[in-house]
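Worksheet: one structure, shown below.
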Amino acid sequence: MELKSSLLHIPPTILYGPGCLQNLGEKIKPLGKKALVVTDEIMTKVGYLEKVTDILGKQGIAYEIYNKVN
């Protein structure tokens with residue numbers, strides 16, 4: 001079996017600042033049906049991860065979580 005290399009170009013979309021989670025649903029829906037949420041354990045403990053995953057779920061977007069960032 002021969003593996004072929006590929007190039008994946010993803011233009012960055014960064015949503016930040018006070019109240020940014022309020023706009024997440026409308027901004028993320030056009031980007032696709034799957035998401036990778038990269039965060040740290042502190043954001044998980046304070047509840048931001050749950051807010052994000054709730055929004056993703058309401059938009060019908062499947063997600064995986066990586067929360068081991070230092």
Between side-chain atoms of residues 63-70 and protein atoms elsewhere (two or more places apart, or another chain), which donor-acceptor pairs fall under 3.5 Å?
unit_1: N67; atom_1: ND2; unit_2: T44; atom_2: OG1; d: 3.3

Self-check item: For K27, side-chain contact (heavy atoms from CB on, under 4.5 Å) partners two or more places apart
Solution: L15, N23

Practice problem: Could you list the residues that satisfy side-chain contact (heavy atoms from CB on, under 4.5 Å) with K51, not counting sequence neighbours? | Solution: L21, Y48

What pairs of donor and acceptor atoms, side-chain ones from residues 28-42 against any protein atom, are under 3.5 angstrom apart with sequence neighbours left out?
unit_1: K29; atom_1: NZ; unit_2: Q59; atom_2: O; d: 2.6
unit_1: D40; atom_1: OD1; unit_2: I42; atom_2: N; d: 3.3
unit_1: D40; atom_1: OD1; unit_2: M43; atom_2: N; d: 2.9

Self-check item: Euclidean distance, E50 CD relative to I55 CD1, rounded to 0.5 Å
Solution: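 The CD1 atom of I55 sits 11.0 Å away from the CD atom of E50.
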
Practice problem: With sequence neighbours excluded, give me every salt bridge (charged side-chain N to carboxylate O under 4.0 Å, His left out) pair touching residues 4-26. | Solution: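 Output for this query is empty, none listed.
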
